[in-house]
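Not measured: the values here are computed from a predicted model.
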Amino acid sequence: MGEMVWEGVMEVTKWAQDKKTDPLLWSIQVSSALNSAGVSLPSVDLAHRLVSYICFDNHVPLAWKLLEKAMAVRILPPLLALSLLSTRVLPHRHLHPAAYALYIDLLNRHAFSLSSHIHFPNYPKVMASIHHALRFSQAYSSHDPHPGLVLVHFLFTVISQLLEASLDDEGLLQHKPRWIARFPDPDVDNMLIDAPSNFTKDSLHRKNTAMAIETVSRFLHHKLTSRILSLVQRNMPAHWGPFVHQLQRLAANSTVLRSLKHVTPDSLLPLNFNSAPGIKALSSEWKSTPKLELNAVMAGSCAVQSCNDNWSSLWLPIDLILEDAMDGNHVAEASAVEVLTGLVKALHAVNGATWHCAFLGLWIAALRLVQRERDPSEGPVPRLDTCLCMLLCITTLVVANLIEEEEGELIEEAERSPTNQRMDKQALGERRGELVISLQLLGDYEDLLTPPQSVIWGCNQAAAKATLFVSGHSGYLEYTNVNDLPTNCSGNLRHLIVEACIARHLLDTSAYFWPGYVSAPFNQLPHSIPNHLPSWSSLMKGSPLAPQLVNVLVATPASSLAEIEKIFEFAINGSDDEKISAATILCGASLVRGWNVQEHIVFFIVKMLSPPVPPKYSGTESYLINHAPLLNVLLVGISSVDSIQIFSLHGVVPLLAAVLMPICEAFGSSVPNVSWTAVTGEKLTCHGVFSNAFILLLRLWRFNHPPVEHVMGGAATPALGSQLGPEYLLLIRNCMLASFGKSPRDRVSCRRFSKMITFSLEPLFMDSFPKLNIWYRQHRECIASTCSTLAPGGPVSQIVEALLSMICKKINRSAQSLTPTTSGSSNSSCSSLDDALMKLKVPAWDILEATPFVLDAALAACAHGRLSPRELATGLKDLADFLPATLGTIISYLSAEVTRGIWKPAFMNGTDWPSPSANLSIVEQQIKKILAATGVDVPSLAIDGNAPATLPLPLAAFLSLTITYKLDKSYERFVVLAGPSLIALSSGCPWPCMPIVGALWAQKVKRWSDFFVFSASATVFHHSRDAVVQLLRSCFTSTLGLGSACIYNNGGVGTLLGHGFGSHFYRGITPVAPGFLYLRVHRSIRDVMFLTEEIVSLLMLSVRDIANGGLPKDEVEKLKKTKYGMRYGQVSLAASMTRVKHAALLGASFLWISGGSGLVQSLITETLPSWFLSAQGSEQEGVEPGVVVAMLRGYALACFAVLGGAFAWGIDSSSPASKRRSKVLGIHLEFLANALDGKISLRCDCATWRAYVSGFMSLMVSCTPLWIQELEVGILKRMSNGLRQMNEEDLALRLLEIRGTSVMGEVAEMICQSR
């Protein structure tokens, strides 16, 4: 039956051709016949039969007219007919040029009206037929694809065929057309060979080639087809790359193309083929909706703004992170380089900035950091060298990371390219050029570039180097006295920045020739330094490490990796004296001020702290014991505050901790029977080496924070306790080593590092260090509970008695007065000090195990009057002097006892304990001055004569112990552990404990008075949530410049962070900027969870004030009653949105800094949904907000959420935190989709909700497309449907476009149906 129908149809067709019947009449007859036979139209079979009928037995004009009419009236699928024609016509286009011309004409008639095709009743069947006809399973490895995906493949195949045919026709194709391989025809090869050699000159062939090129151009520029082709560019790079290559070949070499009037080589290439496609990339016809353009303001470009403070606010988070990293009491395990790299990438994306803008924002923020410390206030935590490290090393490494990331991706992309074009090892991306632009622009900021006094010589040296190079005397710099150079050779901080970039191969010496970089070159050389003076060049020329040379190298920072490697060779192969000299040099000026090589030095030091095991070593003790003098030099050399901070900034703390643990394990298990002579001449035992290593290890984790923090962490930090110890550092170390070298960036950055540095990739765990593990368990038990009963007569009991006897003999007291009740013994068996010391010749770990019982006994004796406070402090000091490592146990024990609150208070009356009354009132006045800018009330410090100041007894004991230390070099490494611990413990105690501690220390060291007063003022915020909220409010108002009576005027970074603190420059204590103050107190906020809601609330209030032109609410009400109403308070929407973005940047920065990714997760999954479900959105102020305010609130929350996520997780997958991103975003989008579907009832303002949804999704699409690619397809489809209901069709489409191949078919169909 079916075959008879088709025979009848073909008979009608032949009859119509013979009789020259009107094609319309023929189409009506065929349609009627097919309908009568029950064949669904458009008919797939008819397309196959009609095309086969024409090609090429009936290749006559009327037959083609019948085909065209059948396609026009839709009795056969036009796209299928075109597919079938392409497989027959293109291979024979040289023999049948008229058929090729007709095919191109039909393509232009029917391939651009795609929306009608997808509404065919049998659309899926038609697409399946096209898939089979063009053999897409072979071409694209797609089996049973979505109909929309077939549509994408069809368009790309058709345009690729035309392109290859055009290249082939002009002799530009380097291989046979790909479609010949898929559609083998025995006649094709012969036809191509037998074709006339002069066919390209034939006018018809040239006309066909011209038509094909014009059609290709039309496909690339048409509104719908161009956007569908952009899906190929995004999701099918293996196919898109060769297509682009052929298109470029055609544009460069086609003579036919150059003869066309309406298509030019430039117009044929509308894309930036080297970048990821944007949705507008292909077609100039595609215009965003006004709503999308409004959304785009949230990601506004900095390119149109001048580099003023308003521009700087776009990069405000960098300033905050830099300043936060300067907290000398905090040692971070994460690299500041990695944190800043992720932050700069996020801000670059969100601000829509050029890379030179991003680099300039980074440089300026780092320069501002240095300028805040150019005249530092004296204190125990020096900051200037660390700030310079941040500017000249860390920031430079951030730029290097970003450049190497781009170049690594370019190399990897080239290796994956089908053309297999390997890029050079020095593949250059655009970011190198952007760096040059940023540094040239940086020269305009003369005030920021003014060097602090301590680096003026270095700046002049860098300027002199450039001047001599430009003058042609580059080899004479080493022998030139910089002081003899002309005055116009004075340098600034930009010269040091450029030198740091040159040292890392980010720039070359062409930078010396930038306009204005150097003064006019000179021809006459200045006076020379005598050649015999030792220097780094002397070392490189082979000079031995004589004492004079060593002294010079210790005081002079190295400038190149080669110099450091030379020193390391001595450390490996030299004599014992040379090894110690090499260690001394590496821990000298090169570590603190070797900004060009600092990242190498920290790794060399870590490597030297882990000497290799000698071959065939068989000793009973650890091989490390033989390296005691060398290890001690290194341990003491890196013990300063600046040095540890430098290790922290470089992210080497986990590696450093991992090499300190074996040292502690080995020396702590050794009996001190052997001594060595240290470099300083003092006797050195294994106890001394252990103490130096152990105290250094304690400083690398949050050891000095009060035990209450172990149990007070909020939901934002659920694993806080587990992140405080050495096992966490080992975990980070294992992850660092396991992951390094796997990213494209690592492959490029490895070139910068020395080949002499290697680390074992074997994971380390606490079980590898049993003694340390036992101590750590005891440390945690001490925190959790009081000392347990000690069995008498055991080895620990004997050490306890020996320690008590030693203490008592030294303070001339009977040991009976201190006998611990926990020991069960009534007297000490030690009869003399010598006997006690002999019994203490035991491993250090054993002494540490006994120390808590000694402390318990001593504190109990003092509490019961058997021991005076002065004797207690002296006894504690004697214990710490005997084994400095016990200082760690003293701190943990006394801190735990303070939090238990079981001891009677100590009266600081000047008799039993020192009295703070001499300067406590001055401290109170200074605290009030410091906090004057925040509006926070300071509790009174007035001390009644009948009620003197009191401290918890353990805190008073700890304070007295710290005061006994001398502030000299020999005690510095111990004070830097005890001091921050004392401040952290005092801050956690009730008011006014910290002011009392500060007042007493200010009496001891007057030059540190500013530091202790500032620390005391920060305590106000530790005990009051209201004070923290008020401080945050001050941060918002100062930064945004809100309020007519505001003291901050125009706001910005300067008013947020100010000039630091102290009286060194402003003739007395002045108010501290609120942002600076917050960055010093946020780590002591015990439960940060409340900050999320408070920051959201402050953000909403700021939006209201911004909409009112920055005026307070009461003044806005007054203006409304004036003759001209709100005219004076109104501002443009664009300006308001820019300021809203600044507010969101500030809020997101504080949220991230305060609680990390945990707090951001809480914001997105809990706080924001609750905010929208509650009445806060519309009733926060008791009145209904206007539409503009409501909309701005929505955009503010959207920007706030996306920025918080970008800071916490990054915009790509390079951060470990990014692994939890998809889960959190999935939860949030599920909430949004449910609300859009009507499954959830919202109580917020409708305008706020719509602005939030469109703003949040727009920012994700524009700034964080990788987030979308990680999400499940189902939730994205629901969000896309919801956005279309909001008339955000373009945004809905862009959302699915980014998701990739899994939804490419649906996206293509949406494009076809879009308006």
Side-chain angles (χ1 to χ4, degrees), residues 379-380 807 810-813 817-818 855 858-880 890-891 894-895 897-898 901-928 938-967 971 975 978-979 981-983 985-1017 1019-1020 1069:
I807 293 174
K810 287 193 172 185
I811 61 176
N812 299 317
R813 290 293 301 268
S817 63
L818 292 186
L855 298 173
L859 201 61
C862 182
H864 293 90
R866 300 196 300 272
L867 196 66
S868 71
R870 183 180 296 275
E871 291 172 333
L872 174 63
T874 304
L876 294 177
K877 180 64 165 54
D878 290 338
L879 177 61
I890 292 172
I891 292 171
L894 294 178
S895 299
E897 294 303 313
V898 167
I902 60 176
W903 302 92
K904 66 180 183 180
F907 292 95
M908 315 302 290
N909 51 20
T911 304
D912 300 317
W913 300 93
S915 172
S917 57
N919 61 340
L920 198 58
S921 60
I922 298 175
V923 168
E924 179 181 17
Q925 295 173 7
Q926 291 177 329
I927 290 176
K928 289 181 178 179
V938 179
S940 174
L941 292 178
I943 303 298
D944 191 338
N946 299 323
T950 61
L951 291 177
L953 178 61
L955 176 58
F958 188 16
L959 171 63
S960 298
L961 169 63
T962 59
I963 290 177
T964 63
Y965 274 99
K966 296 179 181 178
L967 300 180
Y971 283 107
V975 173
S981 302
L982 175 66
I983 293 174
L985 180 60
S986 305
S987 300
C989 291
W991 184 269
C993 288
M994 183 58 217
I996 293 172
V997 170
L1000 287 169
W1001 257 97
Q1003 291 177 20
K1004 175 181 173 65
V1005 190
K1006 292 185 179 180
R1007 67 181 187 276
W1008 289 359
S1009 176
D1010 289 351
F1011 173 83
F1012 287 109
V1013 171
F1014 179 78
S1015 300
S1017 65
T1019 311
V1020 174
I1069 288 284

Can you list the residues that meet the side chain to side chain contact (heavy atoms under 4.5 Å, CB included) rule with Ala999, with sequence neighbours excluded?
-> Pro916, Asn919, Leu920, Val923
Residues in side chain to side chain contact (heavy atoms under 4.5 Å, CB included) with Lys1006, at least two apart?
-> none
With distance as the sole test, does Thr1019 use its side chain to make a donor-acceptor pair with the main-chain N or O of Ser1015 at under 3.5 Å?
-> yes
Flag side-chain contact, heavy atom, 4.5 Å: Leu955 against Cys993 | yes
Distance from Leu894 atom CG to Leu961 atom CG, nearest 0.5 Å?
-> 8.0 Å
Do Lys928 side-chain atoms and Val938 backbone N/O form a donor-acceptor pair below 3.5 Å?
-> no
Asp1010 side-chain N/O to Val1013 backbone N/O, donor-acceptor pair under 3.5 Å = no
Sequence neighbours excluded, which residues qualify as side chain to side chain contact (heavy atoms under 4.5 Å, CB included) partners of Ala1016?
-> Ile927, Met994, Pro995
Heavy atoms of Cys862 and Trp913 approach each other most closely as SG-CZ2, 4.0 Å
Mind checking what makes ring-ring contact (aromatic ring centres under 6.0 Å, His included) contact with Trp1001, not counting sequence neighbours?
-> Phe1012
With rounding to the nearest 0.5 Å, note down the distance linking CG in Leu959 to OG in Ser986.
-> 7.0 Å
What pairs with Thr964 under side chain to side chain donor-acceptor pair (under 3.5 Å), at least two apart in sequence or on another chain?
-> none
State, yes or no, whether a side-chain contact exists between Ser960 and Pro914 at a heavy-atom distance under 4.5 Å.
-> yes
Shortest non-hydrogen contact from Leu855 to Ile890?
-> CD1-CA, 3.6 Å
State which residues pass side chain to side chain donor-acceptor pair (under 3.5 Å) with Glu897; sequence neighbours excluded, sorted by chain then number.
-> Arg900, Trp903
Heavy-atom closest pair (Ala863 atom, Leu953 atom, distance to 0.1 Å) is CB-CD2, 3.7 Å
Of the non-hydrogen atoms in Cys989 and Val898, which two are nearest, and what is the gap between them?
-> SG-CG1, 3.4 Å
Does Lys1004 reach the main-chain N or O of Ile963 with its side chain, forming a donor-acceptor pair under 3.5 Å?
-> yes
